[in-house]
Amino acid sequence: MSEPTKDQKIWQVVLAIPKGRVVSYGQVAEMAGLGRQARYIGRALGKLPEGHAVPWYRVIRSNGQIAFPVGSEKYQEQVGRLEAEGVEVTDGRVSMSRFRWQ
């Protein structure tokens with residue numbers, strides 16, 4: 001069996017995030033063994049195949065902010081999915097002290 005790719009490692013970490021919790025891009029990078037490659041995380045999540053089950057919307061900026069532009073389709077989708085899981089989003093931000101996983 002071959003070693004998982006960098007993207008697959010990231011997706012595995014994101015799959016482990018419990019419902020109703022969020023993590024930062026930096027946390028995902030660390031947990032995937034990629035050190036300080038937080039910027040790569042967004043690119044890897046953008047490459048998810050059609051029909052995937054990876055909860056990409058649980059990954060936000062370290063300050064609790066949604067990374068998509070306010071009002072964009074992806075922003076609305078992310079906020080909707082987080083709120084459906086009980087995560088409060090106020091002015092495009094999530095309280096990391098309340099909803100951060102680990």
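Quantities reported herein were computed from a predicted structural model and do not represent experimental measurements. Reckoned from all heavy atoms, side chains included, excluding hydrogens, waters and symmetry mates.
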Query - For Lys6, all residues meeting side chain to side chain donor-acceptor pair (under 3.5 Å), sequence neighbours excluded - result: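 Partners of Lys6 by the side chain to side chain donor-acceptor pair (under 3.5 Å) criterion, ordered by chain and then number, come out as Gln37.
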Requested in this report: Identify, with sequence neighbours excluded, every residue that meets side chain to side chain donor-acceptor pair (under 3.5 Å) alongside Arg21.
Outcome: none
Under the side-chain contact (heavy atoms from CB on, under 4.5 Å) test, which residues partner [X], sequence neighbours left out?
X: Ala84; value: none
X: Ser62; value: Ser24
X: Gln12; value: Pro4
X: Ala32; value: Lys9, Ile10, Val13, Leu34

Requested in this report: Let me see the working for Val28 and Val14 under side chain to side chain contact (heavy atoms under 4.5 Å, CB included), right down to the final yes or no.
Outcome: CA-CA 7 Å; Val28 173; Val14 176; 4.1 Å; yes
Report task. Would you mind listing every side chain to side chain donor-acceptor pair (under 3.5 Å) that reaches into residues 86-95, with sequence neighbours excluded? Result -> Glu88-Arg98, Ser95-Ser97
Query raised in the report: Quick check: does any side chain N or O of Gln78 sit under 3.5 Å from a backbone N or O of Val59, one acting as donor and the other as acceptor?
Result: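 Answer holds: yes.
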Query raised in the report: Has the side chain of Glu30 got a donor or acceptor atom that lies under 3.5 Å from a matching backbone atom of Gly35?
Result: no
Requested in this report: Kindly check if the number of other-residue, nucleotide or ligand heavy atoms within 6.0 Å of CD (Gln102) is above 12?
Outcome: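 Buried by this count: over 12 neighbours within 6.0 Å.
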**Report entry** Value rounded to 0.5 Å, distance of CE in Met96 from CG in Asn63
**Finding:** 8.5 Å
Under 3.5 Å, side-chain donor or acceptor atoms of residues 41-51 against the rest of the protein: list the pairs with distances, not counting sequence neighbours.
{"residue": "Lys47", "atom": "NZ", "partner": "Asp7", "partner atom": "OD2", "Å": "3.2"}
{"residue": "Lys47", "atom": "NZ", "partner": "Tyr40", "partner atom": "OH", "Å": "3.2"}

Report summary line: Sequence neighbours excluded, the answer for salt bridge (Lys or Arg N to Asp or Glu O under 4.0 Å) partners of Glu85 is Arg58
Report task. With sequence neighbours left out, write down each residue that passes salt bridge (Lys or Arg N to Asp or Glu O under 4.0 Å) with Arg81, or none if nothing qualifies. Result -> Glu77
Query - Nearest atoms (heavy-atom pairs only) where Ala29 meets Ala38 - result: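 Closest approach of Ala29 to Ala38: CB-N, 3.9 Å.
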Requested in this report: For Tyr75 and Pro69, work out which heavy atoms get closest and say how close.
Outcome: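 Reported closest heavy-atom pair: CB-O, 3.2 Å.
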Query - Trp11 side chain near His52 side chain, heavy-atom distance below 4.5 Å - result: no
Requested in this report: Could you name each residue pair satisfying salt bridge (charged side-chain N to carboxylate O under 4.0 Å, His left out) that touches residues 59-72, not counting sequence neighbours?
Outcome: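 Checked against salt bridge (charged side-chain N to carboxylate O under 4.0 Å, His left out) - neighbours excluded - no pair reaches residues 59-72.
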